[in-house]
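Report on the following structure.
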Amino acid sequence: MSQELSFAVIGCGFWAQYQIAAWQELEGAKIVAVCDQDDERAQQTAKKFGVSNYYTDAKNMLEQESLDFVDIITTIDTHAEFTQLAARYQLPAICQKPFAPDMDTARQMIMAHRAAGVPLFVHENFRWQAPIRRVKAILDSGEIGQAFKGRVTFTSAFPVFDNQPNLAELDRFILADVGSHTLDMVRFLFGEAANLRCLTQRVNPTISGEDVANVLLEMHSGVHCYAEMSYASVLEKEAFPHTLLLIEGSKGSVRLDHNYRIMVTTRERSYRKVATPKKYDWANPDYALVHSSMVNINQDFLTALQNGTKPETTAIDNYRTLQLVYECYRSAKMKQVITLEEPIFS
Ligand SMILES: NC(=O)c1ccc[n+]([C@@H]2O[C@H](COP(=O)([O-])OP(=O)(O)OC[C@H]3O[C@@H](n4cnc5c(N)ncnc54)[C@H](O)[C@@H]3O)[C@@H](O)[C@H]2O)c1
């Protein structure tokens with residue numbers, strides 16, 4: 001039997017309420033403490049999930065508790081502070097996306113964990129959604145032949161700022177927040193990008209950042225990929241939080257549609273599959289697909305921590321996703337195609 005690992009959470013806001021519930025689905029991980037600078041929030045979260053200890057100061061928590069890892073669920077501005085704190089205590093850390101506010105900070109976070117000899121993972125869960133995994137398996141099977149074109153769509157008018165008001169104040173919004181996911185799925189499905197061109201727009205005048213981004217990527221695999229993201233799209237059928245896909249290959253195509261429906265079409269036949277994610281009582285119905293994927297990614301992290309192996313979304317892997325995010329901003333600003341440099345980490 002695998003060793004049970006003790007962990008603590010830093011940040012008890014909106015997303016932590018689901019992330020802790022997702023952890024409690026798994027055997028082998030025990031949450032022993034939570035921390036939030038807001039005393040009441042820390043206390044309420046501890047009570048809700050039956051956690052014995054709560055703190056308002058993360059350093060104090062790491063001093064007091066005997067931990068195997070920490071899960072950082074604060075917003076982007078504190079990710080560097082808390083991952084580096086974890087490194088100082090020689091603790092493996094899981095950090096929410098978007099991993100870092102810029103590439104230099106991401107590098108420093110990775111270097112701090114390398115120097116401490118402890119792993120750093122990024123909680124990039126969208127690639128763990130059941131329909132996305134199913135489409136990837138179809139691609140890998142060769143059924144549609146060699147992919148040459150991919151369309152990855154996250155377009156919605158979901159009132160995201162109701163649950164996450166902080167997002168309305170970010171100068172960089174949809175590429176950093178949704179693009180972290182969408183561009184990571186692009187990498188997951190098609191490999192690494194050679195170059196990209198991005199256009200952004202701000203349609204909602206009440207927010208600070210861009211709420212629409214259109215990215216065209218040329219992948220090293222030869223796939224031409226169009227990744228579109230929007231929180232300003234009032235469509236016939238609201239898709240949130242689904243990512244829709246249309247992938248064309250030399251022998252056929254695969255389409256991921258609403259309600260987890262996957263259509264596979266080849267010259268010989270056309271058929272439909274449904275990749276329904278596992279349902280959990282604690283999941284918010286608006287986010288059920290995403291919440292289910294959190295259990296899957298947490299299992300990948302737990303297995304890696306128990307066995308000393310690598311999960312899919314290490315910080316070094318996510319550095320490449322982050323590079324796409326920030327090069328998209330550069331492309332939009334410069335109005336240029338950006339050729340991607342090989343990242344310094346391997
Ligand atoms: N993977 C996903 O699908 C997904 C979805 C939503 C949010 N997220 C990510 O989760 C993270 C948190 O987002 P959220 O919506 O829960 O934010 P939030 O603002 O609701 O929660 C953040 C919490 O961190 C606490 N905090 C901030 N600074 C602190 C400090 N110095 N010490 C202790 N506590 C501190 C705040 O008091 C707050 O309770 C973000 O990185 C966000 O991008 C991921």
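We count ligands from 1, going down the list as the structure has it; atoms in each ligand are counted the same way. Please read all numbers here as calculations on a predicted model, not as lab measurements.
Within the structure, ligand 1 lacks E124 among the residues with a heavy atom less than 4.0 angstrom away. In this structure, S293 has no heavy atom closer than 4.0 Å to ligand 1.
Looking at ligand 1, you won't find any N or O of E81 less than 3.5 Å from one of its N or O atoms. Below 3.5 Å of separation, one finds no N or O of T75 facing any N or O of ligand 1. Looking at ligand 1, you'll find an N or O of D36 within less than 3.5 Å of one of its N or O atoms. Residue I10 has no nitrogen or oxygen atom sitting less than 3.5 Å from a nitrogen or oxygen atom of ligand 1, judged on distance alone. For K97, a nitrogen or oxygen atom sits less than 3.5 Å from a nitrogen or oxygen atom of ligand 1, counting backbone and side chain alike. When only interatomic distances are considered, the shortest N/O to N/O separation between R41 and ligand 1 falls below 3.5 Å. For T56, no nitrogen or oxygen atom sits less than 3.5 Å from a nitrogen or oxygen atom of ligand 1, counting backbone and side chain alike.
Residues Q129 and V290 share a closest heavy-atom pair of NE2-CG2, 3.9 Å.
Residue-level proximity to ligand 1 for Q37 is carried by backbone and side chain together, each with a heavy atom below 4.0 angstrom. Proximity of F82 to ligand 1, defined as any heavy-atom pair under 4.0 Å, is confined to the side chain (atoms from C-beta onward). With a 4.0 Å heavy-atom cut-off, ligand 1 is reached by no atom of M294. Of all the heavy atoms of T74, the ones lying under 4.0 Å from any atom of ligand 1 are found in both the backbone and the side chain.
Residue, atom and distance of the protein heavy atom nearest to atom 1 (N) of ligand 1 are N125 OD1, 2.7 Å. For atom 21 (O) of ligand 1, the closest non-hydrogen atom on the protein side is G13 CA, 3.3 Å. The nearest heavy-atom contact from the protein to atom 20 (O) of ligand 1 is F14 N, 3.0 Å. Protein heavy atom closest to atom 16 (O) of ligand 1, with residue, atom name and distance, is W15 N, 2.8 Å. The nearest protein atom to atom 22 (C) of ligand 1, hydrogens excluded, is given as I73 O, 3.9 Å; this is a heavy-atom distance.
For F161 and F173, the gap between ring centers is short of 6.0 Å. For Y260 and H242, the gap between ring centers is short of 6.0 Å. For W15 and H123, the gap between ring centers reaches or exceeds 6.0 Å. The six-membered or imidazole ring of F190 lies away from that of F148, with a centre-to-centre distance of 6.0 Å or more. For F99 and Y319, the ring centers are positioned 6.0 Å apart or more.
Each of the atoms 3 (O) of ligand 1 lies under 4.0 Å from some heavy atom of V290. Every atom of ligand 1 is numbered from 1 in the order shown, and the set under 4.0 Å from a heavy atom of F126 is 3 (O). Numbered from 1 in the order shown, with element, the atoms of ligand 1 that lie under 4.0 Å from a heavy atom of P98 read 43 (O). Near H181, meaning under 4.0 Å from any of its heavy atoms, are these atoms of ligand 1: 1 (N), 2 (C), 3 (O). Proximity to H79 (heavy-atom distance under 4.0 Å) selects the following atoms of ligand 1: 41 (O).
A salt bridge links R187 with D317: the closest approach of a Lys/Arg side-chain nitrogen to an acidic carboxylate oxygen falls below 4.0 angstrom. R320 has a carboxylate O that lies under 4.0 Å from a charged side-chain N of E192, or vice versa, which qualifies the two as a salt bridge. Comment: R127 engages E312 in a salt bridge, judged by a side-chain N to carboxylate O separation of less than 4.0 angstrom.
Of the possible polar contacts, one joining the S250 side chain to the Q146 backbone as a donor-acceptor pair under 3.5 Å is found.
The cationic atom of K136 (NZ for Lys, CZ for Arg) lies less than 6.0 Å from the six-membered ring centre of F188 and within 45° of the ring axis. Geometric assessment of R172 against the ring of Y329 yields a positive cation-pi assignment under the 6.0 Å and 45° thresholds.
Comparing heavy-atom distances from atom 7 (C) of ligand 1 across M61, Q164, H291, Q96 singles out Q164 as nearest.
Checking Y18, F49, W282, F69 one by one against W23, the ring-ring contact (aromatic ring centres under 6.0 Å, His included) holds for a single residue, F69.
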- Message: Between Y55 and V34, does the side-chain contact (heavy atoms from CB on, under 4.5 Å) criterion hold? Intermediate values first, please.
- Response: CA-CA 6 Å; Y55 298 80; V34 296; over 6 Å; no

